[in-house]
Peer 1: 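Handing you this structure, nothing more for now.
Sequence lines set the chain letters: A, B, ... in the order given, protein chains first and strands last, and positions in each chain run from 1. Every value quoted in this text rests on a predicted model; they were computed, and no experiment measured them.
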Amino acid sequence: MPEESILTDDFLHELMSVGEVDLLVGVPTYNDAASIGQIVQAIRAGLVKYFPRQRAVIVNADGGSQDQTQELVRAASINDLQQAPSPHALRTLHSISARYGGGPASGRGLYAILAAADLLHSSACAVISADSTNIEPEWIAHLLQPVCRDGFDLVTPVYHRHKFDGLLLRNLVYPMTRALYARQVREPYPSEFAFSGRLATQIFGQEGWAEEAEQDGAKLYLTISAITSGFKLAQALLGNKTRAQSNPPADVVDALREGVGPLFLSLDHYPAWRSNAPSEPVPIFGGRPELTLDPLRINRKRLYDLFRSGVEELAPLLNSIVSRSTLRELQQLASREEQDFCYCDELWVRTIYEFAASYHRAVINRDHIIQALAPLYRGRAYTFLLENRDSQGEEVERNVEALCLTFEKFKPYLEDLWDGRR
Amino acid sequence: MWDKFVVELSQATQEIIRNLAQFLPRLLVTLITVVIGGLAAWVIEVIVRSVLRLVKFDRLSDDAGASQFLRRTALPSSTELLSRFVFWVAWIGFILVGVNVLGIVGLEPHISKLVAYLPRLVAAVCLIFFGLLAASFFSRAALLAAVNAGSPSPKLISSAVRTLITVLSVSMAFEELGLAEQTVLIAFGLIFGALLFGLALAFGLGGQELAKRFLEARFAHPKQREHEDELSPL
Amino acid sequence: MLFAFGVFVSLSQDLQWYKDALIYQVHVRSFQDSSGDGIGDFRGLAQKLDYLHDLGINTLWLMPFFPSPLRDDGYDISDYRSVHPSYGTLDDFKGFLEAAHARGIRVIIEMVLNHTSDQHAWFQQSRSSRDNPRRDWYVWSDTDTRYQGTRIIFLDTELSNWAWDPVSKQYYWHRFFSHQPDLNYDNPEVREEMWEVMRFWLRLGVDGFRLDAVPYLIEREGTNCENLPETHALLKEYRARLDREFPGKMFLAEANQWPEDLGPYFSAGDEFHMAFHFPLMPRMFMGLKLEDRKPITEILQRTPEIPQTCQWCLFLRNHDELTLEMVTDMERDYMYDEYARDRSMRLNLGIRRRLAPLLDNDRRRIELMNGLLMSLPGTPIIYYGDEIGMGDNVNLGDRNGVRTPMQWDGGWNGGFSLADPEKLYSPLMLNPVYGYQAVNVASQKRFEHSLLSWMKRLLAVRKSSAVFGRGSIEFLYPANHRVLAYVRKWGKETILAVNNLSSSAQAVELDLRAYKGNILIEMFGRNIFPRIGDLPYLLTMGPYQFYWFRLRKV
């Protein structure tokens with residue numbers, strides 16, 4: 001356990017007055033005053049509208065915001081005290097806010113929410129990101145209903161996205177997670193999701209979760225834990241995916257650290273990835289996600305340039321990570337002209353698997369391995385953009401599906417690398 | 001004459017025997033010291049090895065890239081290497097003490113000097129070892145950062161970092177040993193100065209653009225940052 | 001004979017006696033049969049006055065006992081100036097009234113102003129021909145399309161508010177059953193006659209009237225014909241006459257309306273003395289089921305201030321169904337699902353059940369609900385039989401399931417009557433849980449921990465302070481929403497009531513800094529609790545537990 005308990009005395013005190021609930025909606029925050037008010041309002045509206053009879057609570061786990069985040073959450077409480085009586089709500093709807101211990105970290109926030117869900121015996125729990133300014137009250141229903149009504153244990157979201165949004169997700173995280181853990185979860189790192197009390201209790205009770213909470217990939221581990229422990233998974237269509245305007249676009253290296261690092265690391269923790277079951281689809285509630293196709297101005301040239309210079313400059317480093325033949329192919333690729341550049345599926349999958357194996361063996365510092373992946377990811381992103389420049393939604397989906405199948409096909413290759421047979 | 005010879009001889013023989021009788025216990029002590037010293041050194045080695053294993057020293061040197069280097073040169077792991085080194089230093093120390101017991105005239109001051117020198121030697125070796133580790137780690141970190149930031153000459157930055165740290169650690173080691181202090185200091189000063197001058201020049205002349213971008217990224221509003229990721233990767 | 005016991009208690013001279021009243025609602029028919037005909041009567045009721053005095057109540061509310069064809073439990077009156085023969089004679093009534101007053105018990109009777117029975121001589125004359133002088137005493141029309149905006153109250157039995165009279169070939173207006181034609185209060189003769197009826201009873205000595213169905217007295221086209229200004233004007237006129245001729249007598253309004261619509265019935269203290277708080281009652285049950293104080297605090301916040309001389313009447317159950325008219329659709333669905341899953345328990349927009357079965361015969365919940373009834377601001381009403389936890393019989397039609405005979409002991413007919421059981425006006429409760437052999441006064445009197453004994457203690461504690469009837473209320477809002485806490489204040493007295501609405505133990509921290517330095521004295525055991533300091537006052541409460549504390553500065 002970390003020195004300071006994630007669940008502070010204050011937090012426990014707030015939970016005590018809420019008591020047992022049926023539904024819990026958690027919102028981890030850190031300096032989110034700009035969006036939090038709107039988000040809590042939407043959650044409230046959703047709970048009152050779709051779950052009027054259930055005992056519900058909104059739990060804001062704050063990382064120590066300096067702005068008004070916590071005050072705004074508390075002010076949004078439908079309490080008989082602060083607000084004019086709401087004609088719709090049957091019950092008191094608490095919204096509590098408390099700081100978790102140990103300083104801001106998304107994993108700690110999630111851990112605190114899991115702990116709250118476990119302590120309050122909530123049968124269903126949703127987590128909403130403080131970034132999701134376009135949240136609708138319906139999201140709450142879509143996320144929680146599969147848990148409450150249909151007995152699912154984890155509901156991950158799907159969104160309508162732009163066809164070029166979430167490139168890392170579609171080129172690496174989704175296909176690889178799918179290949180490894182045999183479930184077709186579109187968003188293994190959900191920013192909004194729901195889970196059952198059963199799952200919360202199991203995860204919270206697991207040894208070592210407190211340490212994993214210290215790391216970035218807590219959400220991924222939640223997904224993988226749910227898969228590998230045989231919980232029932234579902235997906236829910238929420239709407240469009242946008243991020244809060246205040247956040248600058250994520251840096252590629254940070255995104256890799258957050259997204260790929262934990263995925264690679266999960267291979268060490270979850271031996272279940274070695275099973276050879278074919279991947280199973282996960283039911284989607286609320287309709288099918290669609291890709292939007294508005295034209296976008298993207299600096300493709302830069303992606304290409306960074307790939308080329310990366311392969312050239314990092315050759316000695318890459319040599320210790322990937323196999324000699326892969327490096328040779330990468331170098332050939334780097335010498336190609338922009339227009340006939342193609343970082344094809346197979347080479348990409350082999351690169352990733354070799355990176356994963358090297359990450360496992362920690363041939364060099366693991367963070368350096370992740371950083372070394374950045375130029376290669378840019379090359380892949382460039383290919384993806386080129387390939388799907390004029391594609392319609394369905395075609396893009398087909399390409400992603402093909403990549404997934406390649407990942408699945410090459411899984412034995414990863415196992416060979418893992419066991420040192422190559 | 002013969003008698004005198006016999007007397008002399010017997011006297012000499014007696015002297016030798018006496019000396020031998022005097023020397024033999026010392027030799028025995030020396031031998032025992034060496035053997036016990038060997039045992040003690042072995043114990044120390046075991047202790048050091050388990051301590052290093054406990055603190056996951058291998059992992060540390062993995063991170064620094066030293067393991068890879070050692071593997072390539074067919075050397076044992078860094079834990080093994082360090083504990084063996086400690087063993088030898090300790091044993092040599094004991095041997096020297098043992099030799100001292102022999103009481104060979106003229107050897108004593110040298111030996112005591114050598115014994116006094118040993119800890120500094122260990123320190124110097126450690127300095128160089130960790131210095132090299134650090135140099136390798138930081139140069140790689142610089143290389144990756146530079147490549148991912150799209151800087152014009154990542155290799156230059158990386159090797160500058162490596163050289164700087166290596167030179168620093170080597171000069172510290174020399175200083176520790178007390179060898180050619182002046183020379184090393186001057187050499188270090190020269191190299192460091194040259195590097196900084198070079199960097200200054202590079203920033204001033206060739207790297208205007210880079211410096212501008214760096215400063216912009218550092219101080220300007222984040223929205224003005226030129227970034228390839230108008231697309232969110234996740 | 002009654003006086004032989006020497007219980008002479010004079011009635012208090014306070015004009016606002018109704019504020020301290022503890023009302024017991026009873027039907028003469030159901031309480032005690034002295035004649036052996038299977039129907040309760042006034043002589044029987046008089047015999048049981050000692051029981052009521054012993055229980056601790058000080059006011060009786062009698063349901064209609066007038067001559068009537070009894071098609072609506074007596075609310076269809078066929079003669080306003082007499083007593084139904086089954087219940088005795090007018091002299092029997094006078095004797096009963098005298099005996100009650102001798103015990104300090106006041107008597108409130110029903111006055112059904114809105115309608116009569118179709119058997120009443122007035123209606124018989126009115127319908128006999130279109131030019132009968134009493135024709136205009138009722139509301140007649142050639143069409144059934146007038147007053148279209150008016151809702152139908154008895155949804156389960158009536159299709160229209162108009163009924164066709166085949167004799168005089170016109171429609172007549174009725175808000176309730178079709179055999180209850182509405183009187184026409186636009187006719188001054190009707191107004192005068194009804195006041196004369198009231199004077200008749202007031203002169204006999206009754207202490208007040210529960211005026212039935214007052215929102216519906218007058219009809220106007222283009223309105224929903226409820227709460228009309230003309231109706232209020234009429235009621236104010238009656239009140240003025242009452243105050244002039246019979247000071248100290250009281251009007252209680254039966255108006256099933258939202259609290260904000262009830263304001264006009266109190267007006268400036270010149271219309272009704274008391275009115276039922278209908279919306280509160282279902283919300284008390286809802287709060288208990290939800291384990292959440294919100295429904296209760298919310299409705300009391302919505303309740304307007306009433307003039308100083310006026311008072312709310314609170315009740316848990318009464319002779320009607322537990323009405324769900326004054327709740328939202330969502331709340332009604334919830335109440336049905338939680339309290340009347342069986343459709344046969346529902347009637348109109350309500351639930352026809354008694355208190356004990358509604359609360360699953362859970363003693364803790366029954367106690368908590370009675371505790372709330374006694375400590376929330378208003379005058380409480382106990383429905384007969386609920387003080388011993390009587391059950392109901394949903395197999396009897398309409399609301400008869402909650403009007404079965406009072407269960408006095410485990411003997412013949414439960415001690416209610418010496419008649420053959422087949423002759424009783426209603427079958428007795430017989431099941432092993434609620435039957436008269438299990439639930440009766442005699443057996444509960446013998447045990448100190450019976451519900452009856454507990455109710456006596458509750459009433460005694462309630463009577464020990466005028467705060468409950470007269471004080472202000474201020475809610476505390478502890479973070480734990482399962483706990484309903486409020487402070488009642490009147491004069492120098494302050495009482496804190498804390499109620500745990502949940503089925504599990506709860507901890508609650510009360511912000512009592514305003515009362516710093518006081519000690520708490522628990523009112524049932526008179527035990528001292530720690531002094532209030534600067535820190536939140538921590539109380540732990542068992543399931544459905546409630547505390548009443550008197551605050552004392554020491």
Peer 1: Roughly how far apart are B:Ser153 OG and A:Glu313 CD, rounded to 0.5 Å?
Peer 2: 8.0 Å
Peer 1: Do you know which of A:Leu314, A:Val253, A:Asp367, A:Leu172 has the most heavy-atom pairs under 4.5 Å to chain B?
Peer 2: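 Of the candidates given, the most pairs with chain B belong to A:Leu314.
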Peer 1: With respect to chain A, which residue among B:Leu143, B:Leu144, B:Val147 yields the maximal number of heavy-atom pairs within a distance under 4.5 Å?
Peer 2: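 With the most close heavy-atom pairs to chain A, the winner is B:Leu144.
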Peer 1: For atom CD of B:Glu175, is the number of surrounding heavy atoms from other residues, nucleotides or ligands below 6.0 Å larger than 12?
Peer 2: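 No, because the 6.0 Å sphere around CD of B:Glu175 holds 12 heavy atoms or fewer from other groups.
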Peer 1: Tell me, do A:Val252 and B:Asn148 make a side-chain contact under 4.5 Å, heavy atoms counted?
Peer 2: no
Peer 1: Rounded to the nearest 0.5 Å, what separates atom CZ in B:Arg140 from atom CD in A:Gln371?
Peer 2: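 That separation rounds to 10.0 Å.
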